[in-house]
There are 2 protein chains.
Amino acid sequence: MAVTIKDIARRTGKSITTVSRALADYDDVSPATKELVRRVADEMGYTPNRLAQRLQKRRTETIGLILPTFGPRFADPFFSELLAGIGNTAASYGYDLLVSTQAPGEKELETYRQKVQGGQVDGLIVVRTRRHDKRIDYLRKADVPFAVFGRTEDALDYPFVDEDGEYGMQLMVEHLVDLGHRRIACIAPPPHLMFAHYRMLGIHKAMEKAGLALQDELLVVGDLTQRGGYQQAERLLDLSPRPSAIIACNDLMALGAMSAAQKRGLVVGRDITITGFDDIPMAEHAHPPLTTVHQPIYKIGSMVCDMLLQILSGQEPEERQVILKPKLIVRQSSGAVA
Amino acid sequence: MAVTIKDIARRTGKSITTVSRALADYDDVSPATKELVRRVADEMGYTPNRLAQRLQKRRTETIGLILPTFGPRFADPFFSELLAGIGNTAASYGYDLLVSTQAPGEKELETYRQKVQGGQVDGLIVVRTRRHDKRIDYLRKADVPFAVFGRTEDALDYPFVDEDGEYGMQLMVEHLVDLGHRRIACIAPPPHLMFAHYRMLGIHKAMEKAGLALQDELLVVGDLTQRGGYQQAERLLDLSPRPSAIIACNDLMALGAMSAAQKRGLVVGRDITITGFDDIPMAEHAHPPLTTVHQPIYKIGSMVCDMLLQILSGQEPEERQVILKPKLIVRQSSGAVA
DNA sequence: ATTGACAACCAAAACGTTTTGGGCTAGAAT
DNA sequence: ATTCTAGCCCAAAACGTTTTGGTTGTCAAT
């Protein structure tokens, strides 16, 4: 059995109270006693039982993160980097990170409820928002501290970090138009996702501004994976005339699209332009390197975690709602029209 | 404040004991009472406080996973898929997953100690083993349940799942030799990692069997990232005569190496052969698609989690030590010598 | 009438901590 | 001689559960 505070009390001849207070460095314990208690605790290899501490303190010092996994092939570099950002920040404040995997759907809210009401977490981080997000409705109603990566279409009265996808896509379209592209296609994300909305909005607006329109046949929806990008790109490449540029709404789909184009013998960046969004590490090392919009994923994870921790500590966060301005990263996958 | 069992007791006029036992479906509670208690619990929106349950039961129903993150750019598709495998399996048994991020080094063992002795987890999963792994030494000594992805050079008396990297690399070398390659280079993983050892062993053995030797100048060490693969490949490509094939010891480095080769105008699969290991989803969609060794990452996560859960439930796992036979996946990044 | 068996219930202890609300002693101030 | 203060200490309650070891009442068998 693990050594408890009681064991230390017995061994030092002090009371449980005194031991507890000595370890917590209260000043109604004499220096000598503190010294003694600490030495004995060390000798006996004492580690506080966090469960008991938490039960008593009514705070868990744990934040929850529920990852929207989709089936077995969930190799999204995006999430591992986000996780690193959140995890490292949480750890630096002594907080634990409870990660659940749960596909979006029926049981999802139940998972949130359980973590919250079961007192397993002090707060939650919500990622990949939907346009109308029941998770946020629930958390708001239940008065649970939370912070969000992304926005929703409903009242934005909660703390969030998001990147300005609309602006990012405007930059991208302007870039393509400057290169002479007119017949521009798009592989969109599933439309219920909020970031899909903003990115598409940016595309539509910028196209319109350039006197263009996104034609129906040039708009397809992909599932955000590389395979999905590949499949949807094939459909676009079958059209004639072929689009001269394909805007994929995330890097993974862009890489898939590049692969589809190259399979047909097209040289990406010359015969066809393909662009992404996110700037995952792979984008830089793709062949050709991918033109994309940068999103500081690690930093976003870190920021959103910081926000939540500030709320949990009772402060109002310095910045409650952050929208980051993205940067366009021009590489070789985009080129002038032939 | 959340609804507790006490509130239900008051409301139903029963004792705390009876309520607890009714909810747990003990048979010394009358059906009528059970019905009543359950109804009231439901009405009041009761969720058991897991902390209290755990403290009392002395099991946390939580397993720990400590991810070896290396700095901010941690976009490893490998780990997100492993995480999904572990997470989904844990969830299907009602277990929680406590994830910590902790770079290897000084503080690492302390993190393990804390989770274990603080009673935060019932068991741990160890990933990315080192040849001599202090984490395993510690867990073994501390008599903590754990399961491992990977092996070590020390006594293998613990439960693990691993892929036979030696065999996998033998398949790969044979494939290359069959294609006529003689001047074969290698981008090795950091040598303290156990999987590096096995993969390199496979390469050395198979080369020797083919009457070849891995020359010193053709052996470089990369950091497992795409950037690392790129940098090390540049060194190899500067040599003259150039190697006709480069075996990268993981897919990420292989992708980086491809990128380096392509930058020099080489056609991968014709002018130079480049291969990987892992078969991450991206490998299939690389251009050209990457010849690699398949590793069922999700399944491995799931298996190692299963093992741990079986141990925690007191059973001896059906298979305590599993070594999976890998399959060679030949795609277009490997070709016959020009 | 007593005994035994059974169904239904419950008080109290326990898990390991922190917090509350004190107590005791020695010395200083009145 | 009393009162006050400061310094150190501690018993007990509390957090929300589960488990232990009962008790009570009813009915059937003796």
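Quick note on labels: first sequence line is chain A, next is B, and so on, each numbered from 1. Every heavy atom of this structure was used, including side-chain atoms; hydrogens, water molecules and symmetry mates were not.
- The CG-C1' distance, from A:Asp7 to C:dC15, rounds to 13 Å in whole Å.
- We find that CZ of B:Arg58 is positioned 12 Å from C1' of C:dA13, with the value rounded to whole Å.
- Nucleic acid contact for A:Ser30: sugar-phosphate only, since backbone atoms but no base atoms lie under 4.0 Å from a heavy atom of the residue.
- When the side-chain nitrogen and oxygen atoms of A:Thr18 are compared with OP1 and OP2 of D:dC9, none of them lie within a distance under 4.0 Å.
- Side-chain to base pairing of A:Thr17 with D:dA11: one donor and one acceptor N or O lie within less than 3.5 Å of each other.
- Using a 4.0 Å heavy-atom cutoff across all strands shown, B:Ile16 reaches at least one base atom of the nucleic acid.
- At a cut-off of 3.5 angstrom, the base of D:dT18 holds at least one donor-acceptor pair with the side chain of B:Gln56.
- Summary of the strand contacts: B:Thr33 and A:Tyr46 both lie near DNA chain C, and taking for each the nucleotide with the nearest heavy atom, the more 5' one is attributed to B:Thr33.
- With DNA chain D read from its 5' end, the first of the two nearest nucleotides for A:Ala52 and A:Gly13 is the one closest to A:Gly13.
- Rounding to whole angstrom units, CG of residue A:Asp25 and P of D:dC9 are separated by 14 Å.
- The interatomic distance linking B:Tyr26 (OH) with C:dC6 (C1') rounds to 19 Å, in whole Å.
- Contact between the side-chain N/O atoms of A:Ser20 and the OP1/OP2 oxygens of C:dT18 is found at a separation under 4.0 Å.
- With distances taken from any side-chain atom of A:Asp28 to the nucleotides D:dT18, D:dC8, C:dC9, the minimum falls on D:dC8.
- Put simply, CG on B:Leu82 and OG on A:Ser80 are 11.5 Å apart, with the number rounded to the nearest 0.5 Å.
- When each of C:dC9, D:dC9, D:dC8 is scored by its nearest atom to the side-chain atoms of A:Lys14, the top-ranked nucleotide is D:dC9.
- Distance, B:Lys57 NZ to D:dT17 P: 12 Å, rounded to whole Å.
- Each of B:Arg320, B:Glu319, B:Glu316, B:Gln315 was compared with B:Gln310 under the side chain to side chain contact (heavy atoms under 4.5 Å, CB included) criterion, and only B:Gln315 meets it.
- The aromatic rings of A:Tyr158 and A:Phe146 sit tilted relative to each other, their planes meeting at an angle between 30° and 60°.
- Residue A:Gln120 contributes atom CD, which lies 13 Å from atom P of D:dT17 at whole-angstrom precision.
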Under the salt bridge (charged side-chain N to carboxylate O under 4.0 Å, His left out) criterion, do A:Glu108 and A:Arg128 qualify, and how do the steps go?
-> CA-CA 13 Å; A:Glu108 192 179 22; A:Arg128 185 152 286 175; over 6 Å; no
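- Between the P atom of C:dT17 and the CD atom of B:Gln117 lies a distance of 12 Å, rounded to the nearest Å.
- Residue contacts shown for B:Thr4 are limited to sugar-phosphate atoms, with no base heavy atom under 4.0 Å away.
- Between the OG1 atom of A:Thr111 and the CZ atom of A:Arg135 there is a distance of 11.0 Å, given to the nearest 0.5 Å.
- The CG-P distance, from A:Asn49 to C:dT18, rounds to 10 Å in whole Å.
- Both B:Arg21 and B:Leu55 sit near DNA chain D, but only B:Leu55 has its closest nucleotide nearer the 5' end.
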